[in-house]
K.L.:
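Before I ask anything, here is the structure I am working with.
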Amino acid sequence: CVSLGGVMIATSPVIAPVIVIALVLFCLATIAVDRSNIEVRRITNNTVSPLLTSLNEMRAGAAVIRGMRLSPFFTSRLSGFADEWGNMNFLFKSVQQWGSHVTNYLVCCIGAAVAFYLMGTRNERSPALGGLTLTYSILLPYFITTATHHVRARPPLTSGPLHPGPFPR
């Protein structure tokens, strides 16, 4: 990540503000998507509980349900729980896709800005160096995104109010 940015800045120092802006935007997008994903995943997991409870009740009381002819009630209840879980699961997947689209949009904008700059100043550098800078400008967002995912996935090193540590077992 740092080496790609360093090569881009060395070959075209004017690109430094673009790299800084891109880094800030990627961090903001990653934070927004992560926070949204955590909350929506929590809600989605909470909608699974009534679904599984209803399935367990129906399995355990199948004979009584059939004998009392309560199948329509349990079927509609299970259908409602399944719909609620499906809606929340769709929302979770939508938030994930939104994050992917934001990242791709930023990559496109950064690549286009660098390409226009390189085309406008093509006499200042060799075509090979311009091609290398353009390639790195498209690869840099990928590596920034990968690095933010790896940093976010590591467990905290300390425990305390800011880092609560693992859940009790």
Side-chain angles (χ1 to χ4, degrees), residues 1-52 81-122 124-169:
C1 227
V2 174
S3 63
L4 291 175
V7 168
M8 286 176 59
I9 291 172
T11 59
S12 302
V14 178
I15 295 177
V18 173
I19 293 173
V20 171
I21 291 169
L23 184 61
V24 169
L25 290 176
F26 274 106
C27 288
L28 289 175
T30 301
I31 289 169
V33 169
D34 284 347
R35 288 182 180 171
S36 300
N37 273 343
I38 289 170
E39 187 63 24
V40 172
R41 176 51 82 185
R42 185 189 62 77
I43 294 169
T44 302
N45 286 342
N46 287 342
T47 61
V48 171
S49 180
L51 179 67
L52 295 177
F81 290 146
D83 284 345
E84 188 177 343
W85 173 79
N87 291 339
M88 290 299 113
N89 197 39
F90 178 78
L91 179 62
F92 174 72
K93 297 297 182 184
S94 297
V95 170
Q96 281 183 326
Q97 287 303 312
W98 177 79
S100 178
H101 286 297
V102 167
T103 302
N104 291 337
Y105 179 74
L106 288 172
V107 168
C108 182
C109 289
I110 292 164
V114 171
F116 286 132
Y117 169 74
L118 291 174
M119 289 300 292
T121 61
R122 64 179 165 259
E124 297 177 12
R125 74 192 54 75
S126 70
L129 203 54
L132 182 67
T133 304
L134 182 61
T135 301
Y136 283 0
S137 73
I138 293 172
L139 286 177
L140 186 65
Y142 167 75
F143 286 112
I144 290 172
T145 305
T146 304
T148 56
H149 288 296
H150 287 303
V151 167
R152 182 177 34 88
R154 288 189 341 189
L157 299 175
T158 61
S159 207
L162 296 177
H163 302 286
F167 292 107
R169 295 181 189 181

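Just so it is clear, the values below take in all heavy atoms, side chains as well, and ignore hydrogens, waters and symmetry mates.
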K.L.:
Just how far is it from atom OH of Tyr105 to atom OG of Ser100, taken to the nearest 0.5 Å?
P.N.:
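Tyr105 atom OH to Ser100 atom OG measures 15.0 Å (nearest 0.5 Å).
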K.L.:
Taking the side chain as C-beta and beyond, is there a heavy-atom pair between Val95 and Arg41 under 4.5 Å?
P.N.:
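Answer no - side chains too far apart.
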K.L.:
To the nearest 0.5 Å, what is the distance between CG (Leu91) and CD (Glu39)?
P.N.:
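One gets 10.5 Å once the value is rounded to the nearest 0.5 Å.
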K.L.:
Quick one: closest heavy-atom pair of Gly130 and Leu118, and the distance?
P.N.:
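So the two residues come closest at O-CD1, 3.3 Å.
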K.L.:
Applying the side chain to side chain contact (heavy atoms under 4.5 Å, CB included) test to Arg42, which of Asn46, Ile38, Asn45, Val40 qualifies?
P.N.:
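Checked Asn46, Ile38, Asn45, Val40 against Arg42; only one passes side chain to side chain contact (heavy atoms under 4.5 Å, CB included): Asn46.
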K.L.:
Could you tell me which non-hydrogen atom of Val102 sits nearest to which non-hydrogen atom of Ala29, and how far apart they are?
P.N.:
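Minimum heavy-atom separation between Val102 and Ala29: CG1-CB, 3.7 Å.
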K.L.:
Going from CG on Leu28 to CD1 on Ile31, what distance comes out if it is rounded to the nearest 0.5 angstrom?
P.N.:
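So the gap between those two atoms works out to 6.0 Å.
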K.L.:
Quick one: are Phe81 and Thr47 in side-chain contact, heavy atoms under 4.5 Å?
P.N.:
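No, every pair of side-chain atoms sits at 4.5 Å or beyond.
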K.L.:
Check whether any side-chain heavy atom of Phe90 lies under 4.5 Å from a side-chain heavy atom of Ser94, and answer yes or no.
P.N.:
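They are in contact (side-chain heavy atoms under 4.5 Å apart), so the answer is yes.
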K.L.:
Kindly compute the distance separating CG (Leu106) from CD1 (Ile21), expressed to the nearest 0.5 Å.
P.N.:
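Here the interatomic distance stands at 11.5 Å.
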K.L.:
Roughly how far, to the nearest 0.5 Å, is the CD atom of Glu84 from the OG1 atom of Thr44?
P.N.:
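Reported to 0.5 Å precision, the distance equals 10.0 Å.
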K.L.:
Can you check whether Val48 reaches Leu52 side chain to side chain, under 4.5 Å on heavy atoms?
P.N.:
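The answer is yes, as the side chains (C-beta and beyond) meet within the 4.5 Å cut-off.
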K.L.:
Can you tell me how far apart CZ (Arg122) and OH (Tyr117) are? Round to the nearest 0.5 Å.
P.N.:
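The OH atom of Tyr117 is 13.0 Å from CZ of Arg122, to the nearest 0.5 Å.
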